[in-house]
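The structure appears right after this line, and notes come after that.
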Amino acid sequence: MCGAEVPPGGRIGALPFLLPLLLLEDPPPSPGPTKCRYALGMQDRTIPDEDLSASSAWSDSTAAKLDTSDGDGAWCPAGPVYPNDAEFLEVDLRHLHFLTLVGTQGRHAGGHGKEFARTYRLHYSRDRHHWLAWRDRWGNEVISGNENTNEVVLKDLGPPIIARYVRFYPRADRVMSVCLRVELYGCIWSDGLQSYTAPLGQTMALQPEPVYLNDSTYDGYMQEPRSPSQLQFGGLGQLTDGVVGLDDFTQTKELRVWPGYDYVGWRNDSFPKGYMEMEFEFDSLRVFTYMMVHCNNMHTRGVSIFRQVDCRFKRSLPTAWEPELVSHVLAVDVKDPSARSVTVPLEGHLGRFLQCHFHFSGTWMLFSEIAFLSGEWVFLLLSISDLEVQGESKSGQPIAKADNSNTSILIGCLVAIILLLLVVIFLILWRQYWKKILGKAQRRISDDDLTVHLSVPGDTIVINNTMGSQRHSNRYERIHSGETEYQEPSRARMKLPELPHGAENSACSGDYMEPDPAGAQAAAQSNVPHYAEADIINLQGVTGGNTYAVPAVAVDALAGKDMALGEFPRGRLLFKEKLGEGQFGEVHLCEVESPQDLPILEFPFNVRKGRPLLVAVKILRSDATKNARNDFLKEVKIMSRLKDPNIVRLLGVCVRDDPLCMITEYMENGDLNQFLSSHELEDKLGGSTSDAPTISYPTLVHVAAQIASGMKFLASLNFVHRDLATRNCLVGEGFTIKIADFGMSRNLYSGDYYRIQGRAVLPIRWMAWECILMGKFTTASDVWAFGVTLWEVLMLCQEQPYSQLTDEQVIENAGQFFRDQGEQIYLSRPPACPLSLYEVMLRCWVRESKDRPSFQHIHRFLSEDALNMV
């Protein structure tokens, strides 16, 4: 580093400035699976207890650490692991690690317990959004576990795992108690590489058997449709497993695998440009020293190392690739057929993304490993005028100059400083450019209250919630590669991005996709500009459930009337479980015994005699503010008027005494997300390949039609839901669907929301681009969310929307919709989805909100036409 080369008499001091420098620790590439086998610290508490979590636990005093007997001696799930294998223990390693070995042990607890897991499964994730099931090299997920409570069983992970989060799923072949203690072995993944994108490996037709050169352990995605240059992206695989291939690629280091397993290979004639392109994504902005590629060079089989590689860099996802190329030309050795590692100098270039073109020199090019030497980019505070002139003391008297003078090094450092400052200026200007383009408004909040402006087609309801100073300081996480931040709003209108010339979707233009003619007429008569001053933080509502945005006209018409609900007897509510919690209250699942005996239940329920009625109870904490209590009562008055077969009904209230409660319907089959994820799609020939219950395509369409019907009712009142998703739909007997609003308050779905300092806030994967970028919530944005919900239904909730994208990439995709340059990413067509129904989804996601279909049109299509399109 430059600071280490200050000459005698030189010092650092008087004119301070912020100087970006590189932190080059020069770590070696991560070792292979044979060397990277260090215990990561479950047993010695290097991994603290707070980094462990579980789906459930039998006792709070349990511990999951190997060879310890703390508490009850192990982690024991509260629920049965048979037959669903749904219980898990999760370990957060804080950083990406290269994992090569796992150890498990049962529970002894001083002889008081004899539980252990005979088998288990591993899931892992690098970002906690996209979870992957570990499989061995032959596709098996199940790992052999323990035979008794005391012995530690170690399992080699072949292939190894690169992950930050690891989950253990114990298994059983019958209902039985299962307990685990675990340890992970490996080392820090110093490469920082999170994923690479490459063409699909190909097959070499040799005799007596072909050689398969595909990346068989790749854990990312595959581009559709299939083509000779089809890409795999978003994952890591054999090029990062730490195992270098042999000189003869038809031989492998792994037993019982196919020829060519150690290598990924490509044929020259599949690439018209004469080179194969790869992209690499890293965990942070890095300064690159070199790239090392292990290649095969077996000329007798037409294989040789690449003759040239050209690399370029970019620093964030939205920025352009830097025009400067780093090129490295190699002398191809045709005499030595041995495999070798080729070192490619990267000359200290800065970037988070790296794109390289590998030029063919023969018929085939085969890689077995790619590794990088790089360091993270950090900022240090230095001071320039304290660097005194070499050869002169502070007093100005000359001093003796050593023969090994460092003048040239000092000059080089100063030149580097100037260049780096120019880079910083460039980044600042680029940041300002994106701030102007995407127009994310910076908004302020007062010290005493937080103003919530709910999106409406006419006027705006204002709810003031008094909050502590700690909440006032919260700011949104980075919205676009660190360029801008959403902040909590003031009462003033949000500043909006500059839209392209002629755009009709300006948030200030009065445009609003009215769901019905009556709603459109009401909005036109109001002649009030439509804009959303929505404080997204309080989407969660008073008790953690209410996400509806209510027009002022509706409030006057509904909340202004006397509440038509009587006092519900608290004593008839039997607590079952806590569903979730919000800022000012909680949501509980309760039973009502003999509901037929309660005259307050004004409409008949299809509850068999002797069976209790399930209800959700929203409870306002007794210490809630006065404003929160007023909001609670206003919500009660509004909800009491929402009566539709596909909307959850308000059944009663408890308002005479604290805590205030409202009682709503709850359906016996729980929420739609969990319900569908436990089913399989019924084969057209009937039956199923597993023991899971099946559901037919017509039933899925019937489910979606009911959701559309409920949303049509809300749209007719100009109500905007703002959080429509399968997690917010409840399932009753006979596949009856009712739209609810507790999903955001449930920890189960915290991963579906973009966070503010750890709090669930924005369901960005369901939100229209104008909601994300402008805070504009309308019935048209609910139509967008319905399209995503329909996609969830047809996927049987087996995958999170845009699961291949991080939250930041989802937000960047919203920017692509705004720019409308044809680079936006859409959800793919579900396997069970006819083309005509997928076209309806695509219409829900069109850029212009006025061009999206109404819920009335969607409901009519699903009720009349969709079943004929299979």
Side-chain angles (χ1 to χ4, degrees), residues 130 132 159 162 191 193-206 210-241 243-245 249-250 258-282 291-298 301-314 317 321 325-328 330 332 339 342 344 353-372 804-805 809 823 825 828:
H130 179 213
L132 302 155
I162 298 172
D191 270 32
L193 183 63
Q194 285 196 144
S195 67
Y196 59 79
T197 300
L200 202 64
Q202 299 170 335
T203 302
M204 185 183 294
L206 295 181
V211 176
Y212 298 97
L213 299 169
N214 59 307
D215 198 340
S216 59
T217 63
Y218 193 78
D219 59 13
Y221 305 91
M222 191 174 298
Q223 187 185 48
E224 295 294 346
R226 283 186 168 273
S227 66
S229 58
Q230 183 181 14
L231 295 179
Q232 48 190 14
F233 60 94
L236 298 172
Q238 286 180 248
L239 299 183
T240 53
D241 65 0
V243 178
V244 295
F249 62 87
T250 63
W258 52 91
Y261 175 85
D262 294 337
Y263 284 92
V264 182
W266 305 271
R267 187 180 175 91
N268 194 345
D269 55 14
S270 299
F271 302 89
K273 296 181 180 180
Y275 61 77
M276 184 272 297
E277 178 180 289
M278 292 187 68
E279 289 187 12
F280 305 89
E281 179 182 357
F282 293 81
M291 171 177 64
M292 190 164 60
V293 185
H294 188 269
C295 313
N296 194 273
N297 197 42
M298 197 172 181
R301 299 286 191 178
V303 180
S304 63
I305 64 174
F306 51 92
R307 61 178 176 83
Q308 179 178 336
V309 58
D310 303 317
C311 295
R312 56 180 179 170
F313 306 81
K314 69 175 178 177
L317 190 63
W321 292 102
L325 289 177
V326 175
S327 295
H328 184 62
L330 289 83
V332 180
V342 177
V344 179
F353 297 87
L354 176 65
Q355 183 186 82
C356 292
H357 294 167
F358 296 91
H359 296 262
F360 287 85
S361 61
T363 305
W364 285 87
M365 186 162 55
L366 274 58
F367 296 167
S368 69
E369 282 294 300
I370 299 181
F372 294 87
Q804 76 276 18
L805 303 181
Q809 289 169 334
E823 297 180 6
I825 299 172
S828 59

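All values below come from the heavy atoms of this structure, side chains included, with hydrogens, waters and symmetry mates left out.
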From [X] atom [atom1] to [Y] atom [atom2], the distance as rounded to the nearest 0.5 Å:
X: Ile162; Y: Asp191; atom1: CD1; atom2: CG; answer: 8.0 Å
X: Thr240; Y: Asp219; atom1: OG1; atom2: CG; answer: 7.5 Å
X: Gln308; Y: His359; atom1: CD; atom2: NE2; answer: 4.5 Å
X: Leu193; Y: Glu281; atom1: CG; atom2: CD; answer: 8.5 Å
X: Cys295; Y: Leu366; atom1: SG; atom2: CG; answer: 9.0 Å
X: Phe353; Y: Phe282; atom1: CZ; atom2: CZ; answer: 10.5 Å

Check the pair Ile370, Tyr196 against side chain to side chain contact (heavy atoms under 4.5 Å, CB included), reporting the backbone distance first and the verdict last.
CA-CA 10 Å; Ile370 299 181; Tyr196 59 79; over 6 Å; no
* Asked: Between His130 and Leu805, does a side chain to side chain contact (heavy atoms under 4.5 Å, CB included) hold up when you go through it step by step?
  -> CA-CA 9 Å; His130 179 213; Leu805 303 181; over 6 Å; no
Partners passing side chain to side chain contact (heavy atoms under 4.5 Å, CB included) against [X] (at least two apart in sequence or in another chain):
X: Gln355; value: Glu277, Glu279, Arg312, Trp321, His357
X: Leu330; value: Ile305, Phe306, His328, Val342
X: Asn268; value: Phe360

Heavy-atom donor-acceptor pair, [X] side chain to [Y] backbone, under 3.5 Å:
X: Gln202; Y: Leu213; answer: no
X: Asp310; Y: Ser327; answer: no
X: Thr217; Y: Gln238; answer: yes
X: Tyr275; Y: Val309; answer: no

Heavy atoms only: give me the nearest [X]-[Y] pair and the separation to one decimal.
X: Gln804; Y: Ile825; result: NE2-CG2, 4.3 Å
X: Leu317; Y: Gln809; result: CD2-CG, 3.5 Å
X: Met222; Y: Phe233; result: C-CE2, 4.0 Å
X: Tyr218; Y: Gly235; result: OH-N, 3.0 Å
X: Asn296; Y: Tyr263; result: ND2-OH, 3.3 Å
X: Ala339; Y: Gly245; result: CB-O, 4.4 Å

Taken in chain and number order and not counting sequence neighbours, the residues that satisfy disulfide bond (SG atoms under 2.5 Å apart) with Cys356 are Cys311
Sequence neighbours excluded, the answer for salt bridge (Lys or Arg N to Asp or Glu O under 4.0 Å) partners of Arg307 is none
Run the numbers on Trp266 and Phe358 for side chain to side chain contact (heavy atoms under 4.5 Å, CB included), then give the verdict.
CA-CA 11 Å; Trp266 305 271; Phe358 296 91; over 6 Å; no
Q | Non-hydrogen side-chain atoms of Met298 and Thr250 separated by less than 4.5 Å | A | no
* Got Asn214 and Trp258 here, is their nearest side-chain heavy-atom distance under 4.5 Å? -> yes
Glu823 meets the side chain to side chain donor-acceptor pair (under 3.5 Å) criterion, sequence neighbours left out, with none
Discussion item. Using side chain to side chain contact (heavy atoms under 4.5 Å, CB included), reason through Met204 and Val303 one step at a time and then give a plain yes or no.
Written reply: CA-CA 11 Å; Met204 185 183 294; Val303 180; 4.0 Å; yes
- Query: Where does the angle between the aromatic ring planes of Phe372 and Phe280 fall among parallel (under 30°), tilted (30 to 60°) and perpendicular (over 60°)?
  - Reply: perpendicular
